[in-house]
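First up is the structure itself, then whatever we jot down about it.
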Amino acid sequence: MYPSCDTGMIDCKCSFAPTMIREDYACEKARMVTRRAGPDISCVSEDASTRCGHLLEKFKEAGLEAFDAQDDLLKTPHSVYVKIQFGGLLGLARDVMHPSAKSVDNIFLLLDQAMQHYQSLDAIPCREYVSIMKKFKVGRKKR
């Protein structure tokens with residue numbers, strides 16, 4: 001369910017990698033890596049990776065229903081997952097950081113602030129971010 005980590009050397013797959021590969025969002029725990037399929041993002045913190053994985057599951061629970069989709073990589077377009085990730089993080093940033101946020105400069109810090117604001121990840125009102133998820137436009141990767 002959550003990203004798996006090699007506990008010998010921390011190399012957790014980032015739950016929000018598409019947001020950083022496109023260079024729209026950033027995270028202090030993220031590191032660019034090259035995998036067989038091309039560039040990817042790794043997390044240097046097992047705890048942060050687990051926390052982000054949990055939040056992504058909450059975003060998907062709210063977002064997939066709104067897109068009338070299911071959590072199936074073969075049936076649901078990749079763009080739906082991307083909209084859920086970008087829109088979910090953007091909604092959370094507008095909720096706990098600044099109402100006019102247009103991106104996220106540090107996902108790790110955002111989750112810290114969300115934890116302080118809501119006391120737990122389960123208390124974050126992810127369904128309130130669905131309209132932002134649905135409005136998000138997947139554009140071209142920055143150069």
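Source: prediction; values computed, not measured.
Here the closest heavy-atom approach between residue Gly63 and residue Met133 is recorded as CA-SD, 3.7 Å. Heavy-atom minimum distance, Leu110 versus Ala93: CD1-CA, 3.6 Å. Nearest heavy atom pair, residue Cys12 against residue Ser49, reads CB-OG, 3.2 Å. The two residues Pro18 and Val82 come nearest to each other via the heavy atoms CB-CG2, 4.3 Å. Minimum interatomic distance between Met20 and Ile107 (heavy atoms only, all atoms of both residues): CE-CD1, 4.0 Å.
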Practice prompt. Run the numbers on Val104 and Thr19 for side-chain contact (heavy atoms from CB on, under 4.5 Å), then give the verdict.
Written response: CA-CA 9 Å; Val104 178; Thr19 67; over 6 Å; no

Item to complete: Just do the side-chain contact (heavy atoms from CB on, under 4.5 Å) check on Leu111 and Leu55 with the steps written out, would you?
Response: CA-CA 9 Å; Leu111 266 66; Leu55 181 62; 3.6 Å; yes

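Residues meeting the side chain to side chain contact (heavy atoms under 4.5 Å, CB included) test with Asp112, sequence neighbours left out: Arg51, Phe108. Checked against salt bridge (charged side-chain N to carboxylate O under 4.0 Å, His left out), Asp105 has no partners two or more places apart in sequence or in another chain. Applying the side chain to side chain contact (heavy atoms under 4.5 Å, CB included) test to Ala26 and every residue at least two apart in sequence or in another chain returns nothing. Residues satisfying the side chain to side chain donor-acceptor pair (under 3.5 Å) criterion with Asn106, sequence neighbours excluded, are Glu28. Checked against side chain to side chain donor-acceptor pair (under 3.5 Å), Tyr25 has no partners two or more places apart in sequence or in another chain. By the side chain to side chain donor-acceptor pair (under 3.5 Å) test, Ser100 is found to be paired with His98, residues two or more places apart in sequence or in another chain being considered. Every side chain to side chain contact (heavy atoms under 4.5 Å, CB included) that Ile132 has, sequence neighbours left out, goes to Leu90, Arg94. Listed by chain and residue number, nothing satisfies the side chain to side chain donor-acceptor pair (under 3.5 Å) test with Glu61 (two or more places apart in sequence, or in another chain). Remark: Phe136 engages Phe86 in a ring-ring contact (aromatic ring centres under 6.0 Å, His included) (not counting sequence neighbours). Not counting sequence neighbours, the partners of Asp72 by the side chain to side chain contact (heavy atoms under 4.5 Å, CB included) test are Gln70, Leu74, Lys75.
Within the model, atoms CZ of Arg22 and OG of Ser103 stand 12.0 Å from one another, a figure rounded to the nearest 0.5 Å. Between Lys137 atom NZ and Lys135 atom NZ the span is 10.0 Å, to the nearest 0.5 Å. Between the CG atom in Asp40 and the CZ atom in Arg31 there is a gap of 14.5 Å [rounded to 0.5 Å]. For the atom pair SG (Cys52) and CG (Leu89), the distance works out to 8.0 Å, reported to the nearest 0.5 Å. Taking CD1 of Ile21 as the start and CE of Met32 as the end, the distance is 6.0 Å to the nearest 0.5 Å.
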Output side-chain donor-acceptor pairs under 3.5 Å for residues 118-131, partner residues at least two apart or in another chain, one line each.
from: Tyr118; atom 1: OH; to: Asp95; atom 2: OD1; distance (Å): 3.3
from: Tyr118; atom 1: OH; to: Asp95; atom 2: OD2; distance (Å): 2.3
from: Gln119; atom 1: NE2; to: Gln116; atom 2: O; distance (Å): 2.7
from: Ser120; atom 1: OG; to: Asp122; atom 2: N; distance (Å): 3.4
from: Ser120; atom 1: OG; to: Ala123; atom 2: N; distance (Å): 3.3
from: Asp122; atom 1: OD1; to: His54; atom 2: NE2; distance (Å): 2.7
from: Tyr129; atom 1: OH; to: Asp95; atom 2: OD2; distance (Å): 2.6

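Side chains of Ser42 and Arg35 form a contact here, defined as non-hydrogen atoms less than 4.5 Å apart. Looking at Ile41 and Val33, their side chains never come closer than 4.5 Å, going by heavy atoms from C-beta outward.
Side chain of Thr76 to backbone of Leu73: no donor-acceptor contact under 3.5 angstrom is found. Between the side chain of Thr50 and the backbone N or O of Glu46 there is at least one donor-acceptor pair closer than 3.5 Å.
Judged as a side-chain hydrogen bond (donor to acceptor under 3.5 Å, both in side chains), the pairs with a partner in residues 79-88 (not counting sequence neighbours) are, in order, Asp71-Tyr81.
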